[in-house]
Amino acid sequence: MSTPHSEGRPGASGARGAGGAKRLLLPAVFLLLIAGFYGVQWWQESADRAADRLQLMADTREELGKEKPDRDRLGELMARLTQLPDAATAPDLLAAQAEIELLRGRPERAERLFGALAASPGATAAQQRLGARILIARQDSFGGDAASMQSMLQQVVTFSERAYADGGDARDAFRSWQGCKRLWDHAGAQRFAQQLAGDHAESKEHRLVALAANFDPSRDASALDDLLVDFDDPPPAELAALRTFGTLNRGDVPGALRQAEKDLNRCGGVGGVRYVLAIVLHACTLGSPEGSLDRTEFARRRDDQLTWLEERAPAGEALRQQWRQMRALR
């Protein structure tokens, strides 16, 4: 009996298997090519976005570093920064936005952007330096309660002290001095004054601190004028107060009053500005006829400033005796 044999060609099933594999492989290769194409495009777009971000940050740092940044340019940069996807979370973008707002005269907005980051446990010295700059600018015109103001100024001192330890910048020591002065912390202010005298004797910051410690408007008129040139306009509140006192000493009572009122609008949170305004208003009271409406009004306005000072100064502040004497004159 014969055994039946297959009539197919030898190897035919193997050929069909290879052909099927090729047919399956072609779509896979096609899909890989498509994925690779889009992957390269995605990578290129990501690289372009990263390059654009770096360029935007470089442009922002360049503008912020200028002696007088252009406000229109700052507005344009701010608009571009806020369009970045991580504008609300990336520390470098938040810092750039906060610094722009600070230079545009908006310290409250700057603090909303950057305050929490500067106060965080992991904040760097540079971040705390910016935080101190924001807080001292905000405190200039702070109209809140005494406790909030005290907390703000204590942060200024803490942030600035750490920033100074990191970089040794006279501006950081000066901000620490400002914080202490505004807190009526005379010992702390003296400590930072000595630091400036020892490490930065030629700096404008040291010269202002030294002038404020023993200011004689007749003797120091030239030094005062030099500092007003050296500091940006508007000058620090402490320097503005000395300028007003110098104007009063020259006998220009109306001019001193105008300056004092202008300083109050800009730096109403600073005790030194309030104190000089009280002195100017006291001079106006003395210069008005007894029993006149002008005299009564000037005395009332003077007493308002003295009340503000008394509510914030420590109980043992030596100036309280002078303030009582001023109040006694009607």
Side-chain angles (χ1 to χ4, degrees), residues 95 97-120 123 127-164 169-189 191-193 196 205 208-209 212 231-244 259-278 304-314 317 319:
Q97 294 172 76
E99 191 158 2
I100 288 174
E101 292 291 30
L102 185 58
L103 289 177
R104 294 162 91 185
R106 300 168 178 173
E108 292 82 5
R109 294 188 186 185
E111 187 181 18
R112 285 198 294 271
L113 284 164
F114 201 72
L117 186 57
S120 65
Q127 289 168 341
Q128 291 195 328
R129 175 178 293 111
L130 178 55
R133 288 176 56 204
I134 291 168
L135 287 172
I136 203 72
R138 185 177 172 220
Q139 198 275 324
D140 275 347
S141 58
F142 185 67
D145 61 275
S148 298
M149 184 179 75
Q150 185 176 36
S151 175
M152 192 182 304
L153 289 170
Q154 286 169 341
Q155 274 195 312
V156 168
V157 176
T158 300
F159 289 173
S160 297
E161 197 166 10
R162 184 188 170 194
Y164 184 80
D169 192 319
R171 292 171 293 184
D172 293 319
F174 177 67
R175 273 187 286 272
S176 292
W177 175 84
Q178 285 182 297
C180 289
K181 285 289 286 185
R182 297 180 187 192
L183 283 167
W184 309 89
D185 177 5
H186 302 301
R191 178 164 62 90
F192 292 113
L196 283 165
E205 289 80 13
L208 171 52
V209 168
F231 276 94
D232 294 335
D233 188 36
E238 290 76 11
L239 181 54
L242 295 182
R243 177 180 59 186
T244 299
Q259 283 186 354
E261 289 171 337
K262 184 178 179 181
D263 293 340
L264 181 69
N265 289 333
R266 184 174 69 89
C267 303
V270 181
V273 168
R274 297 268 188 171
Y275 175 50
V276 171
L277 175 56
D304 286 345
Q305 302 309 314
L306 295 176
T307 297
W308 189 96
L309 292 166
E310 289 163 349
E311 288 174 349
R312 287 158 177 80
E317 173 55 47
L319 286 172

Calculate, to the nearest 0.5 Å, the distance between atoms [atom1] and [atom2] belonging to [X] and [Y] respectively.
X      : Y      : atom1 : atom2 : answer
Ile134 : Glu108 : CD1   : CD    : 11.0 Å
Gln155 : Ser160 : CD    : OG    : 10.5 Å
Lys181 : Leu153 : NZ    : CG    : 13.0 Å
Gln178 : Arg171 : CD    : CZ    : 12.5 Å
Leu103 : Arg133 : CG    : CZ    : 6.0 Å
Glu238 : Cys267 : CD    : SG    : 8.0 Å

Of all the heavy-atom pairs spanning [X] and [Y], show the shortest one and how long it is.
X      : Y      : result
Ser176 : Glu161 : OG-N, 3.5 Å
Trp184 : Pro314 : CB-CD, 3.4 Å
Leu239 : Pro235 : CD2-CB, 3.8 Å
Ala193 : Val209 : CB-CG1, 3.5 Å
Ala98  : Leu130 : CB-CD2, 4.5 Å
Tyr275 : Leu309 : CA-CD1, 3.8 Å

CA sep, side-chain torsions, deciding dist, call: Leu208, Leu242, side-chain contact (heavy atoms from CB on, under 4.5 Å): CA-CA 10 Å; Leu208 171 52; Leu242 295 182; 4.0 Å; yes
Going by salt bridge (Lys or Arg N to Asp or Glu O under 4.0 Å), name the residues that satisfy it together with Glu317, two or more places apart in sequence or in a different chain.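 Result, salt bridge (Lys or Arg N to Asp or Glu O under 4.0 Å) vs Glu317: none returned.
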Test side-chain contact (heavy atoms from CB on, under 4.5 Å) on Ser148 and Phe142; report intermediate values, then the result. CA-CA 9 Å; Ser148 298; Phe142 185 67; 3.7 Å; yes
Walk me through it: do Gln97 and Phe114 pass the test side-chain contact (heavy atoms from CB on, under 4.5 Å)? CA-CA 9 Å; Gln97 294 172 76; Phe114 201 72; over 6 Å; no
Checking the side chain of Ser120 only, and the main-chain atoms of Leu117 only, is there a donor and an acceptor separated by less than 3.5 Å?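 Yes.
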Where the side chain of Arg274 meets the backbone of Gly268, is there a donor-acceptor pair that is under 3.5 Å apart?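 Yes: the side chain of Arg274 pairs with the backbone of Gly268.
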Would Arg182 and Val156 satisfy side-chain contact (heavy atoms from CB on, under 4.5 Å), going step by step from the backbone distance to the final call? CA-CA 11 Å; Arg182 297 180 187 192; Val156 168; over 6 Å; no
For Phe174 and Trp177, take the angle between the two ring planes, folded into 0 to 90°, and tell me which bin it lands in: parallel under 30, tilted 30 to 60, perpendicular over 60.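 Aromatic pair Phe174/Trp177 classed parallel.
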Going by side chain to side chain contact (heavy atoms under 4.5 Å, CB included), Leu183 matches just one of Gln154, Met149, Met152. Which one?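 That would be Gln154; it is the only one of Gln154, Met149, Met152 passing the side chain to side chain contact (heavy atoms under 4.5 Å, CB included) with Leu183.
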For Phe159, enumerate each residue passing the ring-ring contact (aromatic ring centres under 6.0 Å, His included) test, keeping only those at least two apart in sequence or located in another chain.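 With neighbours one apart ignored, the set is empty.
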If you apply the rule salt bridge (charged side-chain N to carboxylate O under 4.0 Å, His left out), what do you find for Arg129 with Asp169, and how did you get there? CA-CA 10 Å; Arg129 175 178 293 111; Asp169 192 319; 5.1 Å; no
